[in-house]
2 protein chains.
Amino acid sequence: MVALMHDPLPNYPGYALRRAATATMAELATRLADIGLRQVDASTLILISANPGVTGSALARSLDIRRANMVPLLKGLEDAGLIERVPIDGKSLGLNMTELGLQKLAEAQIRIETFEKELLARVPEEHRAHLVPALNALWQMDS
Amino acid sequence: MVALMHDPLPNYPGYALRRAATATMAELATRLADIGLRQVDASTLILISANPGVTGSALARSLDIRRANMVPLLKGLEDAGLIERVPIDGKSLGLNMTELGLQKLAEAQIRIETFEKELLARVPEEHRAHLVPALNALWQMDS
DNA sequence: CAAAAATTGTTATGTTCTATTGCTATTCTG
DNA sequence: CAGAATAGCAATAGAACATAACAATTTTTG
């Protein structure tokens, strides 16, 4: 059950990035599943709560999710009573948190903060402060 | 077309990690698709070439891929003439690169090296050296 | 202002990746 | 040797994500 003799892959930033992402995302997914949320649900709630009245389209752009895939996502959150939608004009719907949604978000935040703390704790101290800026530099640009 | 007013998500290491991973992986995927490979194909070829005679099961463990999903992967590489399988004993098959596979791998390596270089170039210099060690610390442990 | 262009929300559908289950044959281990 | 573990495989299910098309409604601009 020993590792491969030669494994050059971890030296590739791209590979390390993918493995790190899948491993950590799987971990967070199970913790959020305990309260009936997926990561994308939690992200969405966070953004709505920080931007009351935001539209689904704007969320889609910010989260880099196709508009079409936003529909079942928001429908799920609405059906669960976590958000509500109020017409802004003839074609746009503004999104807001419900009381229940705020409660659920608070639960999620606790789990997320714990997760992020543990995640960072695994990174050797001398690298820790560099992680988030380095990661954000990789995607926050051409979007 | 402006970003959201408040976007707290990039402050979360987990979110930054996911966005960075999906963005960069999509980029690499298109570059490898030009030569008919997926990332997992390239990873597999790299490991086989570094570990001649390795078994599919060992690869699956190293790449964290289910054994069952290894089957169509390796079949694809074999059908494309990139690898060959020779029986080790009654139940194991050793994997080796073909001549064509080595050529294809060389092409892939060029694209991968270019990609990795450009990826690192996007990271501000003071963070650059910390990225790979930080990432590997996130998953190289409990596996 | 009127025509053209863009945006919003939506339905329907397809693709791809990955996990699960179960099976046979073989090898390893106590 | 008997039981446990391993290798390879098939079939299938599910989740995540992409595409295409559409109607209704703004927004832009000539």
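Order of the sequence lines fixes the chain letters, A, B, ..., with proteins taken first and strands second; residue numbering starts at 1 for each chain.
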Check your understanding: B/M70 CE to D/dA7 P: how many Å, rounded?
Key -> 12 Å

Practice item. Using a 4.5 Å cut-off on heavy atoms from C-beta on, say whether the side chain of A/L45 contacts that of A/I83. Key: yes

Study note, to complete from the structure: Whole-Å distance, A/L74 CG to C/dT8 P, equals 13 Å

Check your understanding: Should B/R19 and B/L9 count as side-chain neighbours, where that means a heavy-atom distance under 4.5 Å?
Key -> no

Check your understanding: In the 5'-to-3' direction, what one-character label does each nucleotide of nucleotides 17-26 of chain C receive under the scheme B = base within less than 4.0 Å of a protein heavy atom, S = sugar-phosphate only, - = no such atom?
Key -> SBBBB----B

Revision key, fill the gap. Between CZ of A/R85 and P of C/dT8 the distance, given in whole Å, is 15 Å

Exercise for review: Write down the distance between CG (A/L37) and P (D/dA16), rounded to a whole number of angstrom.
Suggested key: 13 Å

Review point. Is the closest side-chain heavy-atom distance between B/L47 and A/P8 below 4.5 Å?
Key: yes

Review point. How are the rings of B/H130 and A/H130 set to each other: parallel, tilted or perpendicular (split at 30° and 60°)?
Key: parallel

Review point. Within this structure, what is the CG-to-P distance between A/L59 and C/dT8, rounded to whole angstrom?
Key: 11 Å

Check your understanding: Atom CZ of A/R61 to atom P of C/dT7: distance rounded to whole Å?
Key -> 8 Å

Study note, to complete from the structure: Here the distance between atom P of C/dC28 and atom CD1 of B/I88, to the nearest Å, is 11 Å

Review point. How close or far is atom P of D/dA7 from atom CG of B/L95, stated in whole angstroms?
Key: 12 Å

Practice item. Please test A/E113 against A/K117 for salt bridge (charged side-chain N to carboxylate O under 4.0 Å, His left out), starting from the C-alpha separation and ending with a verdict. Key: CA-CA 6 Å; A/E113 297 295 344; A/K117 219 163 270 162; 5.6 Å; no

Review point. With a 4.0 Å cut-off, would you call B/R111 and B/D34 a salt bridge?
Key: yes

